[in-house]
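Computed from a predicted structure; not experimentally measured. Here is the naming used below: chain letters follow the sequence lines, and residue numbers restart at 1 for every chain.
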Amino acid sequence: MLLVNFIRQQADYVKERLSVRHFKQLQLVDELISLDESRRKWQVERDELQSKVNAASKEIGSLMRTGDTAGAEKLKAEVAAWKQQMEATAEIDVIEKQMHDILVQIPNLPSPLVPAGKTPEDNVVVREGGVVPAFGFTAKPHWDLVAQRGLIDFELGNKLTGSGFPVYRGKGARLQRAMIQYFLDYNTAAGYLEVQPPLMVNEASAYGTGQLPDKEGQMYHATVDNFYLIPTSEVPLTNIYRDEIVKETELPVRMTAYTPCFRREAGSYGKDVRGLNRLHQFDKVEIVQLVQPEKSYEALDEMVAHVERLIQSLELPYRILRLCGGDMGFTSALTYDFEVFSAAQEKWLEVSSVSNFESYQTNRMKIRHKDAHGKTQLLHSLNGSSLALPRILAALLENNQTEKGGIRIPAALHPSLGADSI
RNA sequence: GGAGAGUUAUCCGAGUGGUUGAAGGAGCACGCCUGGAAAGUGUGUAUACUCCUAAAGGGUAUCGCGGGUUCGAAUCCCGCACUCUCCGCCA
């Protein structure tokens, strides 16, 4: 969430930036500021009364010790009067709750680099690479390819759990493992610490990264224990540093993790969800960074270049989009999406999203460090997929199919797969 | 799942109603000492909100979390979370 003091001091700038997102409820900004004003007024009053009560209580203590019961009783009566006055200041709690409810509705401010558009068509292509294959035959979509060679069984997943929970088998399972291994090795070689986090988190963690209260319906909820299945490893990874003041020597924090991700995808349907395009459980290797504020955009560029090289090594045609204001995630200040071209479906599939959240997440989670002047300051958080597996798999299969029915595997995956085709 | 014990500042740890934001030790920072270092020694060492134009300096809150009793709570009471020990179960 945004910092209240910042909103108060830069109200016009905040509104101007929010309008880049086409955020409609700009009146929330003014409401927040006026709530904050009355909150501070009440707080001064409450603090002053409490100060009197505290002083009187100390005096009562010493009066009792000297045996001056009458004096003590007189002071007690005064304290009682002050406490009655303090009851009115309970208003603060109401105001603070209102402020909080507003704060969680205000999205992050887009960085100046964010294009002003409204829909996905307005996203800016910043780079393209790779070659879209030309087939001399009719290319098959991945759901046919995996069914023919028994790599993935969607029907079996329906039986075991439900739709969107595929069963990978044989070489299909092996290829998943090979990709995970390759991605993790690639990330750790670049200095990311490998982490295996819990796949379920408590309410505080889900709240910390912003899944709650906003996207409650998107997570699977184990209600008996009140745990949430993680929709991405970003949640446990970032929460590792919740309520921490990170030592300067530990910065920048760079972590990577492979986890399954669980998403209810409530409301999704139709052809976009066919095959591997949209699943309830899928595998993803994530990268997360926590850095000093002045270095976060440098870190973002570096993460984008890192993911780009990984996709290049998989020999897939790709493009990098800078998301426009209307298409960005709620908590992000700047996002680059990576898409690969799926040759049989003839469409671009999003395989990674790399974002700088600036201090939006770290403010909520109180992830801080001491700056050069010894002052406590929020860090910036960034994360990205490196990479999400299902759509990469879809593109690999579709793009590398041969007329005879084989599938070529890019050289980068040969060592971990132990084969050059499937 | 059952029974018991516990949760205090960066860490260890004292503290069972009244100058306790909290003893003591360690760590860390700076200084003295030293040719240099160690040892020794001195000083300092939380976070959030808030008042003040700002600094300086105040005020309030925080001893797992939330609530209650009281003039006053780390200390008493209730609820919850977590940790440890024993028993049970178990990959």
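Classification of A:Arg408 and A:Asp420 as a salt-bridged pair fails, no side-chain N sitting under 4.0 Å from a carboxylate O. For A:Lys140 and A:Glu398, the salt-bridge test fails: no basic side-chain N is under 4.0 Å from an acidic carboxylate O. Here A:Asp337 does not pair with A:Arg322 in a salt bridge; the nearest charged N to carboxylate O distance is not below 4.0 Å. The pair A:Arg368-A:Glu244 fails the salt-bridge criterion, with no side-chain N (NZ, NE, NH1 or NH2) lying under 4.0 Å from an Asp/Glu carboxylate O. Electrostatic pairing of A:Glu91 and A:Arg46 does not count as a salt bridge here, judged by no charged N lying under 4.0 Å from a carboxylate O.
Applying the side chain to side chain donor-acceptor pair (under 3.5 Å) test to every pair with at least one member in residues 289-313 of chain A, sequence neighbours left out, gives these pairs: A:Arg127-A:Glu308, A:Tyr182-A:Ser313, A:Asn187-A:His306, A:Tyr192-A:Gln289, A:Glu248-A:Gln292, A:Arg254-A:Glu302, A:Ser296-A:Asn356, A:Ser296-A:His380, A:Tyr297-A:Glu358, A:Glu308-A:Tyr318, A:Gln312-A:Tyr318. Residue pairs that meet the side chain to side chain donor-acceptor pair (under 3.5 Å) test with at least one member in residues 98-115 of chain A, sequence neighbours left out, are A:Lys97-A:Asp101, A:His100-A:Tyr207.
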Close N/O contacts between protein and nucleotides 63-71 of chain B (under 3.5 Å):
unit_1	atom_1	unit_2	atom_2	d
B:rC71	O2'	A:Ser57	OG	3.0

Protein-nucleotides 49-54 of chain B N/O pairs under 3.5 Å:
unit_1	atom_1	unit_2	atom_2	d
B:rC49	O3'	A:Arg39	NH2	2.7
B:rC49	O2'	A:Arg39	NH2	3.2
B:rC49	O2'	A:Gln43	OE1	2.9
B:rC49	O2'	A:Gln43	NE2	3.0
B:rC49	O2	A:Gln43	NE2	3.4
B:rU50	OP1	A:Arg39	NH2	3.3

N/O to N/O distances under 3.5 Å, protein versus nucleotides 89-91 of chain B:
none

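Applying the salt bridge (Lys or Arg N to Asp or Glu O under 4.0 Å) test to A:Glu73 and every residue at least two apart in sequence or in another chain returns A:Lys76.
For A:Gln50, a side-chain nitrogen or oxygen approaches OP1 or OP2 of B:rA61 to under 4.0 Å. At the phosphate of B:rU60, OP1 or OP2 sits under 4.0 Å from a side-chain N or O atom of A:Asn54.
Using atom C1' as the reference point in both B:rU41 and B:rC33, the two lie 8 Å apart (nearest Å). A gap of 15 Å separates the P atoms of B:rG44 and B:rG58, to the nearest Å. When the P atom is used for both B:rG13 and B:rG64, the distance is 15 Å, rounded to whole Å. B:rA26 and B:rC80 are spaced 41 Å apart, taking the P atom of each and rounding to whole Å. Taking the C1' atoms as reference points, B:rC12 lies 16 Å from B:rA22, given to the whole Å. With both ends at atom P, the span from B:rU70 to B:rA5 equals 28 Å, rounded to whole Å. B:rG18 and B:rA73 are spaced 10 Å apart, taking the C1' atom of each and rounding to whole Å. Annotation: B:rU45 and B:rC49 have their C1' atoms spaced 22 Å apart (nearest Å).
Around the CD atom of A:Gln148, the shell of radius 6.0 Å holds more than 12 heavy atoms that belong to other residues, nucleotides or ligands.
When A:Val253, A:Thr232, A:Leu382, A:Thr209 are each tested for a side-chain contact (heavy atoms from CB on, under 4.5 Å) with A:Thr238, only one passes: A:Thr209.
The CZ-C1' distance, from A:Arg46 to B:rU62, rounds to 13 Å in whole Å. In this entry the distance linking CD1 of A:Ile92 with C1' of B:rA61 reads 11 Å, nearest Å. One interatomic measurement links the two molecules: NE2 of A:His369 to C1' of B:rA46, which rounds to 17 Å at whole-angstrom precision. Following rounding to the nearest Å, A:Glu244 (CD) and B:rA46 (P) show an atom-to-atom distance of 18 Å. Whole-Å rounding puts the A:Asp243 CG to B:rU62 P distance at 18 Å. Following rounding to the nearest Å, A:Leu63 (CG) and B:rG72 (C1') show an atom-to-atom distance of 13 Å. Spacing between atom CZ of A:Phe227 and atom C1' of B:rC82 amounts to 11 Å, rounded to whole angstrom units. Spacing between atom CZ of A:Arg242 and atom P of B:rC82 amounts to 13 Å, rounded to whole angstrom units.
Using Watson-Crick or G-U wobble geometry with both donor-acceptor distances under 3.5 Å, B:rU20 finds no partner in any strand shown. In this structure B:rG35 sits in no base pair that meets the Watson-Crick or G-U test at under 3.5 Å. The nucleotide B:rC49 finds its pairing partner in B:rG59, both defining distances of the Watson-Crick or G-U wobble pair being shorter than 3.5 Å. For B:rA81, the paired base is B:rU7 (Watson-Crick or G-U wobble, both distances below 3.5 Å). Here B:rG44 sits opposite B:rC28 as a Watson-Crick or G-U wobble pair (both hydrogen-bonding atom distances under 3.5 Å). Nucleotide B:rC86 forms a Watson-Crick or G-U wobble pair with B:rG2, both donor-acceptor distances falling under 3.5 Å. The nucleotide B:rU75 finds no pairing partner, because no Watson-Crick or G-U wobble arrangement with both distances shorter than 3.5 Å includes it.
Residues A:Thr376 and A:Ile245 are in side-chain contact: their nearest non-hydrogen atoms beyond the backbone lie under 4.5 Å apart. Under the 4.5 Å side-chain criterion, counting only non-hydrogen atoms from C-beta, A:Leu379 is in contact with A:Leu251.
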Exercise. Given salt bridge (Lys or Arg N to Asp or Glu O under 4.0 Å), test A:Lys118 with A:Asp327 step by step and report yes or no.
Key: CA-CA 6 Å; A:Lys118 205 163 182 174; A:Asp327 199 31; over 6 Å; no
Exercise. Apply side-chain hydrogen bond (donor to acceptor under 3.5 Å, both in side chains) to A:Ser332 and A:Thr335, showing your working.
Key: CA-CA 7 Å; A:Ser332 169; A:Thr335 296; 2.6 Å; yes
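Nucleotides of RNA chain B nearest to A:Arg368 and A:Ser62 differ in position, and the one nearer the 5' end is that of A:Ser62. Of the two residues near RNA chain B, A:Lys52 and A:Ile245, the one whose nearest nucleotide lies more 5' is A:Ile245.
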